[in-house]
Amino acid sequence: MRYLVLDVENSVTHHEYTNRNGDIKKHIDMGPYGPKNYLVSVGFQWVGDEEGSYFCIKHNEQQPTLSARESIQFALDQCDVLIGHNLKHDLKWLHECGFTYDGPTHCTQIAEFVLLRGRKASLKLKSLAEKYKVSDKKIDLTEGYLADGVGFEAMPWDIVEEYGRGDVNTTTELYIAQRDTIDEDDNKGLWPTVRMMNAFMYAIIEMEKNGISVDFDELGKIKADYIKEHAQLQRELTEMAQAVIGDTPVRLTSNDFLSELLFSRKVTDKNKWKEVFGIRKDHRGKDLPRTRMKNKPFNVALQRNSTVTKRTVVEACPICDGAGTLPKFKKDGSPYKKFPKCTRCLGETVVYTPTHKVAGFKLKPTDVNDLAAHGFATNTDKLERLLHNAKDEARLFIEKYARYNAVSSYISTFVEGIERYTGGDGILHTSLNQTIASTGRLSSSGPNLHNQPRGNTFPVRRAFVSRFDGGKMLKADYGQLEFRGAGYLSGCTIVRGDIDNGVDVHSYTRDTINAYDNEPDITRQDAKSDTFKPLYGGMSGSPRQVNYYKSFLAKYSGVTAWHEKLKTEALTTKRVVLPSGREYAFPGAQRLQGGYVKGTTQIVNWPVQGFATGDLVPLGVLSVYRKMKARTDLKSVMMITVHDDLEIDVYPGEEEEVTKIITEGLLDLNAMCMEFYNLDFKYPLEVEVSIGPNLLDQDTIATEHN
DNA sequence: CCGTCTACGTA
DNA sequence: CGTACGTAGACGGA
């Protein structure tokens, strides 16, 4: 067997843009799909050799290496396993530059990610070299250049070559050390996951390459509508706010301001505030439980640590007389060129004098959970809960404000995100990252296409259209995949029975919750989060929610028993092992005083999320990828996967063929699990296919079962 | 300038 | 004691 370690360097493009505040922001395009980027150099080394080869492809000073292309392709043709650190990047470049390789791979970043078993640690080559104590001889002169915006194409060639050869060398030694580590008895069960993720990498490269086609005319219209709505809301909200605060300037985009406006109180000392109410986060950035306080002490603490905000009247600063500056003279009596800011108005030229009238909407927080580090929480869910005690004007303001916040997000994050990352070819090549999420599912960035508002309500989806004249956008979703995955993993017969009988678990959730009391009815969509909460170890909520969670655990007793089994496994082995071979480490698992197992929510959540969307979906997508590759006559292309779906840009006339391929591929999990995990995975699955002219207007055309 | 906090959205 | 993500803007301390 011949093992080839390879690494490419490429030019990058710096994209600068101005946001709506006038701030200049930038991002760097490292990929091969921008028309400006090009391949600078390629280095490779055979495992077992002392030294490798290095080739110049295109560099400002250095002549391209003679016969570089032939030598590189020859090596690729000879190799049995291609190795690299973040090999997806190198393969994308090789493919775009006309090289061919589609054989087995070993990405050291993927392998290390699997070995980490869900723990977070740096996956940079440098960090791994330290961890495995392999030589990292290269003197890293490139960082300084890169920081100054000098790319590999413009650095002195001897630095590029030294760095490149060093990288290949380090990766070679890392590969050997890492392979030996995975071969150890304690780790060898991870090989199937490593191999699966390497195989799946090809499907990801295909999707990143194909990307999604954007209709800029349509996007422009949608943006214009949003901007109009945003401006209107801003006017109305400003007016409403101004009416209750006097002359104080309105700053709608500031959470500090909103907190003070809604609750009519200003925090005296933010650090003290956090301390008193126990507003802290753990190392992962998650909220820790806050100080438990009964009503009375809570209100006393509120009063002690904040002051009531008063309406103001504006007047010219009495100290500087409205100049904003105070005259200052040198020793010789001549004036300074620039006078310092006025100490009273701080250069604002005006001062706001409090009146005796309370400012703002005078909302009352119910408990510590309505607070935030800066003052009072102003997010939509919390505010919604306070709505029923609020006066009409406050309620109207809050409702408008929620929409204002949402529209701001739609414009900045979604519309402008799409605009700035879409290249000149009109295609959005978002990144699908394999080594980020602890559970093993993908993440998406540049921009994130995994968090677009769902379904048929978000007009921005209308701007995602087929790249083919008369083409269609097709989407296939697994139905209730995580619920089914939990059913499989737990072996719960009640879950299985419900699936076999076509019981819709979310409707069951909705009906159970609605039947409990006279609170307003929830919809099936609302009920989804309630279905999943107990599945993932959640138990807190309103009385009717808690009632449902209890009944869920009682009904699906197999799931409840499985939760106990997982906790025992985590306690005794500090690990949880999935049928695929994927593992999660819980080094801190221990039983606390009250019997609660530390980390329970992750112990019961990760296996469900990871098995469904990290182990199964990739196999389904990979199967579709293979089927599409095998059909060289088809022109349709895979675009993206969003956790439990797969989206394809369909060439006119290929609708039926693609529907068949996508359903057969996604339902092909028994054979795929056998191939990759040596697992006889038999469980009823459902795939629903929809199609339309864009990603907004979609009609369901098929529902298939295995 | 950079990290923290808040808020938005998804499966 | 639902979990897993990415992005943007405001703010405050270096």
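Per chain, numbering begins at 1; letters A, B, ... match sequence-line order.
- When heavy atoms are screened at a 4.0 angstrom cut-off, A/K274 is found touching the sugar-phosphate backbone but no base atom.
- For A/S438 and A/P289, each mapped to the nucleotide of DNA chain C holding its nearest heavy atom, the one lying further toward the 5' end belongs to A/P289.
- Looking at the side chain of A/T601, the nearest of the listed nucleotides C/dG12, C/dG2, C/dA10 is C/dG2.
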(message) Please evaluate residues A/F532 and A/F483 with respect to the criterion ring pair (Phe, Tyr, Trp, His ring centres under 6.0 Å), reporting the C-alpha separation (whole Å), side-chain torsions for both, the decisive distance (0.1 Å), and the verdict.
(response) CA-CA 8 Å; A/F532 290 128; A/F483 183 65; 7.8 Å; no
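- At a threshold of 4.0 angstrom between heavy atoms, the contacts of A/S540 are confined to the sugar-phosphate backbone, with no base atom among them.
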(message) If you apply the rule side chain to side chain contact (heavy atoms under 4.5 Å, CB included), what do you find for A/M473 with A/I648, and how did you get there?
(response) CA-CA 6 Å; A/M473 302 294 265; A/I648 294 184; over 6 Å; no
(request) With ring pair (Phe, Tyr, Trp, His ring centres under 6.0 Å) as the test, would you mind laying out the steps for A/W606 and A/F586 before giving the verdict? (result) CA-CA 11 Å; A/W606 288 9; A/F586 297 103; 5.4 Å; yes
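- One interatomic measurement links the two molecules: CD of A/Q452 to P of C/dG6, which rounds to 16 Å at whole-angstrom precision.
- Using a 4.0 Å heavy-atom criterion, one finds that A/A377 contacts the sugar-phosphate atoms exclusively.
- A/H643 places its NE2 atom 8 Å from the P atom of B/dA11, with the value rounded to the nearest Å.
- For A/K266, the NZ atom is loosely surrounded, since the number of other residues' heavy atoms within 6.0 Å does not exceed 12.
- In this structure, CG of A/D367 is placed 17 Å from P of C/dC1, rounded to the nearest angstrom.
- Note on A/Q602: every side-chain N or O is 4.0 Å or more away from OP1 and OP2 of C/dG2.
- Here B/dA7 presents its P atom at 17 Å from CG of A/N451, a figure rounded to the nearest Å.
- The phosphate of B/dT6 has neither OP1 nor OP2 within less than 4.0 Å of any side-chain N or O from A/N255.
- Rounded to whole Å, atom P of C/dT7 lies 19 Å from atom CD1 of A/I411.
- Using a 30° and 60° split on the angle between ring planes, A/H230 and A/Y404 fall in the parallel class, below 30°.
- Using a 30° and 60° split on the angle between ring planes, A/F397 and A/F361 fall in the tilted class, from 30° to 60°.
- Considering only side-chain atoms of A/W606, the nucleotide from C/dA4, B/dA11, C/dG6 that sits closest is C/dA4.
- For A/D644, the listed nucleotide lying nearest its side chain is B/dA11; candidates were C/dA10, C/dA4, B/dA11.
- Judged by atom type and distance alone, A/Q609 reaches the base of C/dT3 through a side-chain donor-acceptor pair under 3.5 Å.
- Within the structure, every side-chain polar atom (N or O) of A/K281 is placed at least 4.0 Å from both OP1 and OP2 of B/dT4.
- The listed nucleotides are C/dG2, C/dT7, C/dC11; the one nearest the side chain of A/S445 is C/dT7.
- Rounded to an integer number of Å, the gap from CZ of A/F483 to C1' of C/dG2 is 16 Å.
- Distance, A/R290 CZ to C/dC1 P: 17 Å, rounded to whole Å.
- A salt bridge links A/E229 with A/R403: the closest approach of a Lys/Arg side-chain nitrogen to an acidic carboxylate oxygen falls below 4.0 angstrom.
- With no hydrogens or angles considered, no side-chain donor-acceptor pair links A/Y421 and A/T430 at under 3.5 Å.
- Without hydrogens or angle criteria, A/R420 side chain to A/K26 main chain gives no donor-acceptor distance under 3.5 Å.
- Residue A/S444 is in sugar-phosphate contact alone, with no base atom involved, counting any heavy-atom pair closer than 4.0 Å across all strands shown.
- Looking at heavy-atom distances under 4.0 Å, A/R420 makes contact with sugar-phosphate atoms alone, never a base.
- If you check the side chains of A/T531 and A/H506, you find a donor sitting under 3.5 Å from an acceptor.
- Within the structure, every side-chain polar atom (N or O) of A/Y410 is placed at least 4.0 Å from both OP1 and OP2 of B/dC8.
- Heavy atoms of A/D256 sit under 4.0 angstrom from primed sugar atoms or phosphate atoms, though from no base atom.
- Across all strands, A/S408 comes closer than 4.0 Å to no nucleic acid atom at all (heavy-atom distances).
- Neither OP1 nor OP2 of B/dA7 sits under 4.0 Å from any side-chain N or O of A/S409.
- Counting any heavy atom pair closer than 4.0 Å across all strands shown, A/G446 reaches sugar-phosphate atoms only and no base atom.
- For the segment residues 542-566 of chain A, no residue has any heavy atom less than 4.0 angstrom from an atom of DNA chain C.
- The listed nucleotides are C/dG9, C/dC1, C/dA4; the one nearest the side chain of A/M539 is C/dC1.
- Remark: A/K25 is in phosphate contact with C/dG9, judged by side-chain N or O atoms under 4.0 Å from OP1 or OP2.
- In this structure, A/K528 does not pair ionically with A/D530, as no charged nitrogen and carboxylate oxygen lie closer than 4.0 Å.
- The distance from atom CG of A/L252 to atom C1' of B/dC8 is 16 Å, rounded to the nearest whole Å.
- Remark: A/S443 is in phosphate contact with C/dG6, judged by side-chain N or O atoms under 4.0 Å from OP1 or OP2.
- Within 4.0 Å of A/I436, counting heavy atoms only, lie sugar-phosphate atoms of the nucleic acid but no base atom.
- Cation-pi contact between A/K555 and A/Y508: present, with separation from the ring centre below 6.0 Å and deviation from the ring axis of at most 45°.
- For the pair A/K120 and A/R251, both in contact range of DNA chain C, the more 5′-proximal nearest nucleotide belongs to A/K120.
- Between the side chain of A/R441 and the base of B/dA11, at least one donor-acceptor pair of N or O atoms lies under 3.5 Å.
- Consecutive pairing runs in DNA chain C reach the stem threshold at B:1-11 with C:3-13, where a stem means at least three Watson-Crick or G-U wobble pairs with distances under 3.5 Å.
- The side chain of A/T378 approaches B/dA7 more closely than any other nucleotide in the set C/dC5, B/dT10, B/dA7.
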